[in-house]
Amino acid sequence: MSITTRFAPSPTGYLHIGGARTALFSWLLAKSKGGRFLLRVEDTDRERSTKEATDAIIQAMAWLDLAAEGTAVFQSDRFDIYNSYIDKLLAAGHAYWCSCTPEEVEAMREKARAQGKKPKYDGHCRELGLGPGEGRVVRFKGPQDGVTAFHDMVKGPTAVQNAEMDDMILRRGDGTPTYNLAVVVDDHEMGVTHVLRGDDHVANTPRQILLYQAFGWDVPNFGHVPMILGPDKAKLSKRHGALSVMEYKNMGYLPEALVNYLARLGWSCGDQEIFSREELVKLFSTGNLGSSPSVFDMKKLDWLNAHYIKESAPERLAALLPEFIGDQDGLKLDPAYLASIVPLLQPRAKTLVEMAEMARFFLVPAEALAYDEKAVTAQLTPDSKALLAELLPMYETAADYADHKALEAATQAFLDERGLKFKAVAQPLRVALTGKTASPGLFETMSVLGKPEALKRIRRALAL
RNA sequence: GUCCCCAUCGUCUAGCCUGGUCCAGGACGACGGCCUUUCACGCCGUUAACAGGGGUUCAAAUCCCCUUGGGGACGCCA
């Protein structure tokens with residue numbers, strides 16, 4: 001039996017971390033069973049939905065490589081379909097017209113609240129047999145007793161008293177359909193068999209099941225994944241920092257790192273931490289989804305990102321790097337050169353932003369190299385400069401800069417002759433070449449810089 | 001207020017369904033060490049948890065109840 005899942009965001013903003021995770025889980029659920037994954041844009045609220053948000057969501061999903069099958073379904077294109085289904089419900093006696101105004105309904109809720117009861121619409125028009133009319137809404141005529149039960153893929157058996165639910169609106173006063181109606185119609189028409197969504201939808205599920213039953217349709221499987229919390233254990237929000245998936249891209253995270261991180265947030269497979277896309281597809285199962293909320297931990301994301309940076313092909317990273325380098329004036333940015341730098345930075349950078357910063361001294365010409373003042377005073381002393389000056393001729397004659405080991409051996413031989421320790425030159429030479437006291441390996445750096453550039457830098461340092 | 005959900009190291013989690021192999025395992029972090037030309041990487045080690053209380057049982061992180069704490073839902077939003 002083939003399964004179908006879907007991700008159904010409402011385009012009122014960018015794709016946030018929580019949405020991305022549900023999308024990922026839905027995608028994985030489909031792929032792990034060889035099923036289909038669909039995308040539906042829930043834009044029935046015409047005021048809050050925007051084209052920009054829709055594009056941003058699709059772009060973010062593309063970055064995460066969560067491809068949906070076929071073209072996305074837009075609910076705003078389908079109002080006629082929803083209305084025809086509402087008519088069916090009306091005809092079958094599962095729905096009724098209601099003339100109560102929002103103010104009247106609010107008063108009913110207040111009254112119920114005051115009595116310590118659950119705020120609900122009181123069913124005023126339920127048996128009035130009203131017909132259509134200006135501003136009237138259509139409500140679902142739900143059962144007033146009994147229970148609606150379902151087996152949640154993550155929470156297990158779940159049941160709600162029907163008396164807890166009021167007669168939800170299916171069609172608004174302006175003729176547009178509401179969320180619960182549209183979702184049920186679409187999930188049915190799209191053949192969705194498994195619905196994985198955020199925890200905040202649990203309360204909607206029994207209502208939707210009632211609708212499925214009223215229509216006489218098969219009820220899909222539901223699963224509700226707990227939400228993601230900020231470090232203070234409150235619901236993750238803007239004040240916790242980046243929420244948008246694309247902000248993570250801009251902060252220099254690799255999509256596979258985010259995917260791996262998100263997959264492990266609320267899901268597990270024994271002790272395994274690192275998962276390739278293929279492994280995720282192979283190993284994913286809703287049975288291993290956790291049922292308690294989890295805190296988003298940037299440090300662990302950093303660790304995963306560092307891991308994937310180390311694993312990446314230098315050429316790929318080199319191609320991504322330029323967009324993280326601000327003020328590119330006069331910088332040497334050709335792809336081959338960048339690709340030669342990247343391997344020296346891969347073990348050191350946690351993000352591409354960091355990598356771009358670390359790469360900077362490689363990219364500026366010797367004349368423009370910024371020397372750290374403290375480093376210069378501490379390392380480029382008269383003594384160490386004298387030693388560098390002695391070394392210079394050797395580096396001028398050394399032919400093979402491509403082989404950093406040869407450079408190192410030559411330097412070592414020079415030092416041995418004089419009975420000097422490596423430490424005597426290491427830091428001064430490093431400052432001369434990089435302007436800083438911390439850098440990748442000296443001779444690898446020298447080798448990547450190339451002979452003319454390296455010599456220019458040493459000469460410039462001697463003149464400081 | 002009403003209804004629903006959740007609860008293992010600071011964090012992500014394994015274990016819970018099918019009690020004993022768990023004085024609770026892994027990972028991130030933090031701390032310490034090793035390596036070393038710097039910074040990293042890597043490697044080694046330390047730290048640290050079954051929310052509390054009652055049961056059931058020969059035996060409970062695991063099953064039941066209560067308490068506490070946290071969260072969510074209650075819209076002509078999705």
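Throughout, protein chains are lettered first and strands after them, A, B, ... in sequence-line order, and every chain is numbered starting at 1.
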* To do: Go ahead and name the base partner of B:rU36; Watson-Crick or wobble counts if both distances stay under 3.5 Å, otherwise write none.
  => none
* Between A:F443 and A:P347, just flag the one whose closest nucleotide in RNA chain B comes earlier from the 5' side. => A:F443
* Basic-acidic side-chain contact under 4.0 Å: A:E106, A:R109 -> yes
* Is A:K350 atom NZ crowded by more than 12 heavy atoms from other residues, nucleotides or ligands, each under 6.0 Å away? -> no
* Could you check whether A:E42 gets within reach of a base, just the sugar-phosphate, or nothing at all, counting any heavy atom under 4.0 Å? => sugar-phosphate
* Nearest-angstrom distance from the residue atom CG of A:N305 to P of B:rC28 -> 15 Å
* Asked: Does A:E390 have any salt bridge (Lys or Arg N to Asp or Glu O under 4.0 Å) partners at least two apart in sequence or in another chain, and if so, which?
  -> A:R418
* **B:rU62: pairing nucleotide in any strand, Watson-Crick or G-U under 3.5 angstrom** => none
* Answer with base, sugar-phosphate or nothing: what part of the nucleic acid does A:L442 contact at a heavy-atom distance below 4.0 Å? => base
* Asked: Now, which nucleotide makes the Watson-Crick or G-U wobble pair with B:rA14, with each of the two distances under 3.5 Å?
  -> none
* **Spacing of A:D152 atom CG relative to B:rG72 atom P, expressed in whole Å** => 18 Å
* Asked: Heavy atoms under 4.0 Å, any strand shown: does A:M358 hit a base, just sugar-phosphate, or nothing?
  -> nothing
* Using a 4.0 Å heavy-atom cut-off across all strands, classify A:A203 as base, sugar-phosphate, or nothing. => sugar-phosphate
* Does any nucleotide pair with B:rA7 by Watson-Crick or G-U wobble geometry, both distances under 3.5 Å, and what is it? -> B:rU68
* Between A:R277 and A:E256, is there a side-chain N and carboxylate O pair less than 4.0 Å apart? -> no
* To do: Would you kindly check whether a donor in the side chain of A:R348 faces an acceptor in the base of B:rC41, or vice versa, at under 3.5 angstrom?
  => no
* In whole angstroms, how far is the C1' atom of B:rA78 from the CG atom of A:L39? -> 15 Å
* To do: Please state the P separation for the pair B:rU57 and B:rA48 - nearest whole angstrom.
  => 36 Å
Listed pairs, N/O of protein and of nucleotides 74-76 of chain B, under 3.5 Å:
from   : atom 1 : to     : atom 2 : distance (Å)
B:rC74 : O2'    : A:P119 : O      : 3.0
B:rG75 : OP2    : A:R109 : NE     : 2.2
B:rG75 : OP2    : A:R109 : NH2    : 3.2
B:rC76 : OP2    : A:R109 : NH2    : 3.2
B:rC76 : O3'    : A:R172 : NE     : 3.3
B:rC76 : O2     : A:G173 : N      : 2.8
B:rC76 : N4     : A:C100 : O      : 3.2

* Could you check which nucleotide pairs with B:rG45 in any of the strands shown, counting Watson-Crick or G-U wobble with both distances under 3.5 Å? => B:rC31
* Asked: Taking the side chain of A:W303 as its heavy atoms from C-beta onward, which of B:rG26, B:rU37, B:rG29 lies nearest to it?
  -> B:rG29
* Asked: Expressed as a whole number of Å, how far does the C1' atom of B:rU13 sit from that of B:rU56?
  -> 29 Å
* Asked: In terms of heavy-atom contacts, does NE2 of A:H404 have more than 12 from other residues, nucleotides or ligands at under 6.0 Å?
  -> yes
* To do: Report which part of the nucleic acid A:T437 touches: base, sugar-phosphate, or nothing (heavy-atom distance under 4.0 Å, all strands).
  => base
* To do: Rounded to whole angstrom, note down the P distance from B:rA27 over to B:rG42.
  => 13 Å
* Asked: Can you tell me how far C1' in B:rA49 sits from the matching atom in B:rG10, rounded to whole Å?
  -> 10 Å
* Asked: Is any side-chain heavy atom of A:R316 closer than 4.5 Å to a side-chain heavy atom of A:V342?
  -> no
* To do: Give A:K310 one of three labels, base, sugar-phosphate or nothing, depending on what nucleic acid heavy atoms sit under 4.0 Å from its own.
  => sugar-phosphate
* To do: Check every strand shown and say whether A:P440 touches a base, only sugar-phosphate, or nothing at a heavy-atom separation below 4.0 Å.
  => base
* Checking only heavy atoms, does the side chain of A:Q272 share a donor-acceptor pair with the base of B:rG26 at less than 3.5 Å? -> no
* **Rounded distance (Å) that lies between atom C1' of B:rC41 and atom CE of A:M355** => 12 Å
* Asked: Between the side chain of A:D372 and the main-chain N/O of A:K436, is any donor-acceptor distance below 3.5 Å?
  -> no
* Asked: Could a donor-acceptor pair under 3.5 angstrom be found where the side chain of A:D271 meets the base of B:rG25?
  -> yes
* Asked: Quantified in whole Å, what is the C1' atom distance between nucleotide B:rC9 and nucleotide B:rG1?
  -> 37 Å
* Nearest-Å distance for atom pair CG/P, residues A:L433 and B:rC39 -> 17 Å
* So what does A:K155 hit on the nucleic acid, given a heavy-atom distance under 4.0 Å: a base, only sugar-phosphate, or nothing? -> sugar-phosphate
* Asked: Between B:rC39 atom P and A:R360 atom CZ, what is the distance in whole Å?
  -> 24 Å
* Asked: Does A:K233 put a side-chain nitrogen or oxygen below 4.0 Å from OP1 or OP2 of B:rU11?
  -> yes
* Asked: Heavy atoms under 4.0 Å, any strand shown: does A:H201 hit a base, just sugar-phosphate, or nothing?
  -> base
* So, is A:T44 close to the B:rC77 phosphate, meaning a side-chain N or O under 4.0 Å from OP1 or OP2? -> no
* Spacing of the P atoms in B:rU68 and B:rG52 (rounded, Å) -> 16 Å
* Would you mind checking if A:D187 and A:R40 are paired as a salt bridge, meaning a charged N to carboxylate O distance below 4.0 Å? => yes
* **Sorted by number, the residues of residues 283-299 of chain A with heavy-atom contact under 4.0 Å to RNA chain B** => A:S291, A:S292, A:P293, A:S294, A:V295, A:D297, A:K299
* Interatomic distance, A:L262 CG vs B:rU13 C1' [rounded to whole Å] -> 15 Å
* Mind checking the P distance from B:rU62 to B:rU2? Whole angstroms is fine. -> 29 Å
* A:Y82 OH to B:rA78 P: how many Å, rounded? -> 11 Å
* Asked: Above 12 or not: heavy atoms from other molecules or residues under 6.0 Å from NZ of A:K111?
  -> no
* Asked: Counting heavy atoms not belonging to A:E47, are there more than 12 under 6.0 Å from its CD?
  -> no
* Lys/Arg-Asp/Glu bridge criterion (N-O < 4.0 Å) met for A:R139, A:D166 -> no
* Asked: If we call it a pair only when both distances are under 3.5 Å in a Watson-Crick or G-U wobble match, what pairs with B:rU2?
  -> B:rA73
* Asked: How far does the C1' atom of B:rC50 sit from the matching atom of B:rC23, given to the nearest Å?
  -> 12 Å
* Asked: Would you say the side chains of A:R78 and A:Q75 form a donor-acceptor pair under 3.5 Å?
  -> no
* **Side-chain donor/acceptor of A:D167 to backbone N/O of A:G142, under 3.5 Å** => yes
